[in-house]
Amino acid sequence: MASHTVGRRGPARRSWIAGVRDAFDILVKSSPSRFAILVFATLILITTALLSLPLARAGAGTGGTPLHDAFFTAVSTICVTGLTTVDMATHWSPFGNTIIFIGMNVGGMGVLTLASILGLVVSRRLGLRAKLMAASDTNPSRVHAGPVSERQAVRLGEVGGLLVTVAVSTLAIEAAVMIGMMPSVLAKGYDFGLSLWYSAYYSVSAFTNTGFNPNPMGPVEFFDDYWFQSLMMLAVFLGSLGFPVIFTLLRTWRRPRRWSVHVKLTLTTTIVLWIAGAVTFLVLEYNNPKTYGGLSFLKTFYEAFFMSTMTRSGGFATIDMADLYGSSLLVTDMLMFVGGGSASTAGGIKVTTLAVLFLAAYAEARGAPAMEAFGRRIPRDILRLAVSVVLWGATIVAVSTVIITQITKSALDFVLFDVISAFATCGLSTGLTESLPPEGKYVMAATMFMGRVGTVTLAAALAAAQKRQLFRRPEERPIVG
């Protein structure tokens, strides 16, 4: 009788496991974007639960962290944003800091990419399902575009190499930056153990473009240390390029002619925005006594480039953002909204999106039939995608700004700054975020989540299945402009 019962339970258990596996397969194959959102949301909830524990908060008998602060920190960590509602240097215990440290790496590489790396290590091969999962994370612009094109920035056949590049480059860059930072931290009088922790934390926070500070003073403590700040800038810059670009540069750095249009557009637009941003900050803030007014020209010049780098999604600041002139706040808004490269640790609408819009405007001004860049023609569906990304991003920012302004009754320039920083997962703040009531923190957390998941991925996940239309309606041109 017992064996008969066990025999009946065995198939039932196997049937239940098979049902879960089948549902998983259907979800991954039918909508990788929805699966990405599900994984990110699950990871955020797990991190929230861990950070809510009394064990995660520093100080005996202080109790656990309030749910809204734990949830906000979890979203900011997994979405590698860097906005905070608590003092990151003093609020968390070693256990809490460990959770945040791991979360920054997982969020920076992308949970799907990390899952694919682990699968590759275990099985030493990548199946089609794993390749699709990785491709959806490293090629977000193609998630919803139907059949995989051979002209993607990274082809499916190269996903295995890309995943190895992601893992190796992440660990190598973070380790190199950590080692380079050690002498600067030791020079501040910290012991070896604390110096190692601060260096590792800063290197991870910089490369993943998070912007969390492990020390009470933050980067201000290293304001006169050009070496330390330069390492931060380098890590942020590399993290904001995107893994497909790093993958290409490592393979063909001596043969620029073989670089894809995506790589060339990313590098060109990034460098142009970096220089233009630095020059703008230099001009606008040169006489501001609260920021750069009391500094030498050389120091102001350097800090302008540091500021321009951090607006790409780095989130570190050596000055108080609330002290910037209104014109500088607006310029920072624009740079944060653009963000970094596609499939990078940076947020925003991405530099290639901006480049495509400018190429479209240039082609229209010349009367050209198509967009062209570096001797290649860019298909029109990329323009539709770029417009969709900008429209969705602007809508998210506008709605969040209205809600936060209504909740706090704060000045619009400060609200807009922090909301764009949340959407672009940048982490710079005027100080508004820390003073938000619980409902405002939840709104800002939702903005961070939508910014990190990506407007295109979010739109694809919420949209119904694509419909095949076997007819075309008559064409008619509305008046535009």
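Between Asn215 and Tyr201, the side chains place no donor N or O within less than 3.5 Å of an acceptor N or O (distance only, hydrogens not considered). Remark: the Thr208 side chain and the Asn105 side chain contain no N/O donor-acceptor pair separated by less than 3.5 Å. A donor-acceptor pair shorter than 3.5 Å cannot be found between the side chains of Asn209 and Ser240.
Here Lys264 pairs with nothing under the salt bridge (charged side-chain N to carboxylate O under 4.0 Å, His left out) rule; sequence neighbours left out. For Thr280, the side-chain contact (heavy atoms from CB on, under 4.5 Å) partners are Leu284, Val331, not counting sequence neighbours. Residues meeting the ring-ring contact (aromatic ring centres under 6.0 Å, His included) test with Tyr226, sequence neighbours left out: Tyr302. Applying the ring-ring contact (aromatic ring centres under 6.0 Å, His included) test to Tyr198 and every residue at least two apart in sequence or in another chain returns Tyr190.
Each side-chain hydrogen bond (donor to acceptor under 3.5 Å, both in side chains) pair with one or both residues in residues 316-329, not counting sequence neighbours, appears once here: Glu285-Ser328, Glu303-Thr318.
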What donor-acceptor contacts under 3.5 angstrom involve side-chain atoms of residues 349-361, with partners at least two apart or in another chain?
residue	atom	partner	partner atom	Å
Lys350	NZ	Gly348	O	3.3
Thr352	OG1	Ser342	OG	3.2
Thr353	OG1	Ile349	O	2.7

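Relative orientation of the Phe305 and Trp274 rings is perpendicular, given thresholds of 30° and 60° on the angle between their planes. Relative orientation of the Phe222 and Tyr202 rings is perpendicular, given thresholds of 30° and 60° on the angle between their planes.
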Next item on the list: Show the numbers, then the answer: is there a side-chain hydrogen bond (donor to acceptor under 3.5 Å, both in side chains) between Thr425 and Thr81?
Entry: CA-CA 4 Å; Thr425 66; Thr81 303; 5.0 Å; no
